[in-house]
J.: 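Just passing along the structure, written as structure tokens.
Residue numbers start from 1 in every chain, and the chains themselves are labelled A, B, ... in the order their sequence lines are given, proteins ahead of strands.
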Protein chains: 2
Amino acid sequence: MASIKEVAKLAGVSVATVSRVLNDKGYVGQHTREMVEQAIKELNYKPNEVARSLFKKQSSTIGLIVPDIMNPYFPELARAVEDTASKFGYNVILCNSDEDKVKEQAYLDMLQQNYVNGIIVSSNTMTAEQVIKLNIPVVSIDREISKGLPTIVVENMKGAHTATRYLISKGCSRIAHIRGPQGVVNADERCEGYREVVQQESWFSESYIVDGDYDMESSIEATLELLKTHPEIDGIFAANDIMAIGAMKAANQLGTKVPDELAIVGFDGIKLSSVTIPELTTIVQPIYEMGEKATKMLVSLMNQQEVGQTYYKFDVDLIERNST
Amino acid sequence: MASIKEVAKLAGVSVATVSRVLNDKGYVGQHTREMVEQAIKELNYKPNEVARSLFKKQSSTIGLIVPDIMNPYFPELARAVEDTASKFGYNVILCNSDEDKVKEQAYLDMLQQNYVNGIIVSSNTMTAEQVIKLNIPVVSIDREISKGLPTIVVENMKGAHTATRYLISKGCSRIAHIRGPQGVVNADERCEGYREVVQQESWFSESYIVDGDYDMESSIEATLELLKTHPEIDGIFAANDIMAIGAMKAANQLGTKVPDELAIVGFDGIKLSSVTIPELTTIVQPIYEMGEKATKMLVSLMNQQEVGQTYYKFDVDLIERNST
DNA sequence: TTGAAAGCGATACCAA
DNA sequence: TTGGTATCGCTTTCAA
């Protein structure tokens, strides 16, 4: 790879001048500029980003920390982030944290050492202190780290209300909830939303809420158990789509017909939800849009531009399909 | 962030000495070492990776170029690559090429300018020339760029044989194939494998092979059309899982029972395939393992170590589930 | 066993 | 309008 020096030599000018035409900054004579551009073309010169980064203390790279890219929620998010970052001239370093505090901190250190300009993170375990110490713009997505930090989330409560009320409107009279992990904010909120709707129903009991782990296995088990102890259940609101699919599988195992005998609603609106048979009714999050917004916000933050709002709560929509 | 200079000053030594203890290279007195380590701890010093990269002309980063991380095949691959890279101390920059030659070249340039140590790429459009010009180790995965370049692929033909023969063994007597895009090597191979098995069957006709685009939409349409013109079909081998699921949906639309009236086999073994109802019988690729192998191979290549084999053709397995 | 200094490849200030 | 040069933070030779 040719360096700026070689370009300068070939063009018969100083490196300072080459740098000026490169960055279109400062005065450069018309003729000189042409000479330089010619040399650049001739050598197929591309500026060395590492050297640039060292000087600028910025690497035109952002970090994306997700629990696990294999979790179907995140590929769409990652795609949105990468698309948007790319549009603004940034690269993205992908990090899978497994929600592990040690790994997370290691990734943060690594990103900092690599002069990333900013970080987008989805994590339950990260603390405000960790983030602030970095001294790098960070946008939190899907899960809120701390009030005051830039955050993109969705209307979890409202979505849960919608889902639950919808099941009622569909004629369900015994509605259970498979919740996400205790302590995970969005799981707690979705559960709370469900609870608010069914609380004063005469039939409601705490045993209508069962624990899942946001994955299919846990949900299948939970549903099997649930339907055994409460055969009267005719509606399930699962806290995410994977668990809703798990519930469908469990129902299928038991020979319970979906949606005729049991209606199921999920949450997230991942691509997967439209792939099942029957297709899943779900509360969709605008995942791509959220990733896009997070990245745009991060870019503004990185450029020290005025960023009006730093907290966005995106609306969610009920998509009615065949599981209800 | 503290720099090596500050550490040197605090420890009362030169930066050269600090560098020596950092890299555990060259002579350092026991006492001196302790002083330096103390200073490092005190300042919570972390070496600046960008400066290191500039000097070394290596950035301990690898690039991963995939068509689209939202395509369900790639999250697992990406996870494998990131896990393995991380284990060896490398970061991964994620690139979505959309199989677009212009984007691909732009990413290659970017990666080169960022001094990545190596690249893992899945692409149909990339040429050997592009790769060689980079002068950076590149491993191609899932799709072969050119003989001679490090490559990880699977037994596409064999998998197609297995799938087709299996359908026959299940009693299917009219087996169709929904193929992937023309010109894409693995699609061509899978189609060829199918053809070899059914070619001399008296019932076989070219119209049993229909074009799909490796996505669900195209497959639904293709299957609808197929089943209309050939209602006698009782088995379908789809060239990937997404299309197999599309076929299931089409069958469902037409009221055709899977697997009773129509058996369906997919290819790839993505996580999705075990989520459908009925679960999909498919030819599984060891995706994670392939990503791991690709990364390990790349690491060896980057370290200029002896790499015996640079071409791996992974075996595939039939997983029998409920769609057949 | 240690330190001084020359790079790595850019940018940007200050002079000319 | 241009060039010389210090600088970013590190590694590595060469001398001491």
J.: A:I4 CD1 to D:dG3 P: how many Å, rounded?
T.: 12 Å
J.: Any side-chain N or O of B:N48 less than 4.0 Å from the OP1 or OP2 oxygen of D:dC8?
T.: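 Answer is no, no contact under 4.0 Å.
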J.: CG of A:L54 versus C1' of C:dG7: gap in Å, rounded?
T.: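 Going from A:L54 (CG) to C:dG7 (C1'), I get 12 Å.
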J.: So B:Q113 and A:P47, do their side chains get closer than 4.5 Å, heavy atoms only?
T.: yes
J.: Roughly how many Å is it from OH in A:Y27 to C1' in D:dT2, rounded to a whole number?
T.: 13 Å
J.: D:dG3, D:dT2, C:dT2: which one has an atom nearest the side-chain heavy atoms of B:V28?
T.: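 The closest nucleotide is C:dT2.
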J.: Grab the CZ-C1' distance between B:R52 and D:dT12 for me, whole Å please.
T.: 13 Å
J.: Could you check A:G29 against A:V15 and say which one's nearest nucleotide on DNA chain D is further toward the 5' end?
T.: A:G29
J.: Within less than 4.0 Å of OP1 or OP2 of C:dG3, is there a side-chain N or O belonging to B:T17?
T.: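 Result: yes.
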J.: Do other residues, nucleotides or ligands put more than 12 heavy atoms under 6.0 Å from B:K101 NZ?
T.: yes
J.: Regarding A:K293 and the six-membered ring of A:Y312, is the cationic atom NZ or CZ under 6.0 Å from the ring centre and inside 45° of its axis?
T.: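 Pair A:K293/A:Y312 counts as cation-pi.
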J.: Rounding to an integer number of Å, can you tell me how far A:D24 CG sits from C:dA12 C1'?
T.: 16 Å
J.: Take the protein atom CZ of B:R33 and the nucleotide atom C1' of C:dT1, then report the distance between them rounded to whole Å.
T.: 12 Å
J.: Could you say whether A:A16 or B:S19 is positioned toward the 5' end of DNA chain D, judged by the nucleotide with the nearest heavy atom to each?
T.: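 Per heavy-atom nearest nucleotide, the more 5' residue is A:A16.
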J.: Please figure out whether A:K25 or B:Q30 has its closest DNA chain C nucleotide nearer the 5' end.
T.: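 The answer here is B:Q30.
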J.: Give a yes/no answer on whether the side chain of B:Y45 brings an N or O atom under 4.0 Å of OP1 or OP2 in D:dC10.
T.: yes
J.: Taking the side chain of B:A51 as heavy atoms from C-beta outward, which of D:dC10, C:dT11, C:dC8 is closest to it?
T.: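 In terms of side-chain proximity for B:A51, the closest of D:dC10, C:dT11, C:dC8 is D:dC10.
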J.: To the nearest angstrom, how far is A:Q58 atom CD from C:dA10 atom P?
T.: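 To the nearest whole Å, that distance equals 18 Å.
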J.: Heavy atoms from C-beta onward define the side chain here; which of D:dG3, D:dC10, D:dC8 lies closest to that of A:V13?
T.: D:dG3
J.: Would one find a side-chain N or O of B:S3 under 4.0 angstrom from OP1 or OP2 of D:dG9?
T.: no
J.: Look at the side-chain N and O atoms of B:R20 and state whether any lies under 4.0 Å from the OP1 or OP2 oxygen of D:dT11.
T.: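 Looking at the OP1 and OP2 atoms of D:dT11, neither is under 4.0 Å from any side-chain N or O of B:R20.
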J.: A side-chain contact here means heavy atoms from C-beta on lying under 4.5 Å apart; do B:S140 and B:L149 qualify?
T.: no
J.: Figure out the OH/P separation between B:Y115 and C:dA10, and round it to whole Å.
T.: 7 Å
J.: Looking at B:K57, I'd like to know whether one of its side-chain N or O atoms comes within less than 4.0 Å of OP1 or OP2 on D:dT11.
T.: no
J.: Identify the two heavy atoms, one from B:L301 and one from B:V307, that lie closest to each other, and give their separation to 0.1 Å.
T.: CD1-CG2, 3.4 Å
